[in-house]
Amino acid sequence: MPGLALILDIVITFLQIMTWAIVGRALISWVDPRGTNPISRFLFELTEPIVGPIRSVVPRIGMIDISPIFAILLLQVLARMLSQVSVGA
């Protein structure tokens with residue numbers, strides 16, 4: 001079904017965009033830790049629905065928040081699973 005393959009490709013692309021948004025959020029947090037920059041706020045608003053619930057489960061390691069790493073891993077696993085389904089569709 002070509003419609004299903006298109007939907008899966010859109011979802012996989014969305015997951016990749018969210019992965020890069022989380023990477024950008026982590027990098028910009030070193031420069032703007034308070035989130036006062038509009039780009040920083042945008043990335044926070046975009047990625048917090050994914051990173052927030054993971055943060056409540058994964059503990060910090062000292063001052064380091066590793067929840068973005070787990071969020072990226074989760075998104076990548078989902079993208080791989082969907083790409084396997086897409087190949088079979």
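This one's a predicted model, so the numbers in the text were calculated from it and none came from an experiment. FYI, the numbering just counts along the sequence from 1.
- Cluster annotation: M81 and F70 are assigned to distinct hydrophobic clusters (Ile/Leu/Val/Met/Phe/Trp/Tyr, side-chain heavy-atom contacts under 4.5 Å, transitive).
- Atom CD1 of I17 sits about 11.5 Å away from atom CG of L75, to the nearest 0.5 Å.
- The two residues T36 and R41 come nearest to each other via the heavy atoms O-NH1, 2.8 Å.
- Side-chain contact between N37 and V31: absent, with no pair of heavy atoms (C-beta onward) separated by less than 4.5 Å.
- The CD atom of E48 sits 10.0 Å away from the CD1 atom of I50 when rounded to the nearest 0.5 Å.
- Counted within 6.0 Å of CZ on R34, heavy atoms from surrounding residues, nucleotides or ligands total 12 or fewer; the atom is thus considered open.
- With T47 contributing its side chain and L43 its backbone, the two residues share a donor-acceptor pair below 3.5 Å.
- Across every non-hydrogen atom of S40 and G35, the tightest pair is OG-CA, 3.4 Å.
- Atom CE of M18 sits about 8.5 Å away from atom CG of L15, to the nearest 0.5 Å.
- V23 and F44 fall into different hydrophobic clusters, where Ile, Leu, Val, Met, Phe, Trp and Tyr residues are linked whenever their side-chain heavy atoms come under 4.5 Å apart, directly or through other members.
- I61 CD1 to I69 CD1: the interatomic distance, rounded to the nearest 0.5 Å, is 7.5 Å.
- Taking every heavy atom of both residues into account, I66 and P59 meet most closely at CG1-O, 3.9 Å.
- Residues that satisfy the side-chain hydrogen bond (donor to acceptor under 3.5 Å, both in side chains) test with D65, not counting sequence neighbours, are R55, S67.
- Remark: L78 CG to L73 CG distance equals 11.0 Å, nearest 0.5 Å.
- Tracing side-chain contacts under 4.5 Å through hydrophobic residues (I, L, V, M, F, W, Y), one reaches V58 starting from I64; they form part of the same cluster.
- Counting non-hydrogen atoms of neighbouring residues, nucleotides and ligands closer than 6.0 angstrom, the CZ atom of R80 reaches no more than 12 such neighbours.
- Within the model, atoms CD1 of I39 and CG of L46 stand 13.0 Å from one another, a figure rounded to the nearest 0.5 Å.
- Taken together through direct or relayed side-chain contacts under 4.5 Å among Ile, Leu, Val, Met, Phe, Trp and Tyr, V77 and I12 form parts of separate hydrophobic clusters.
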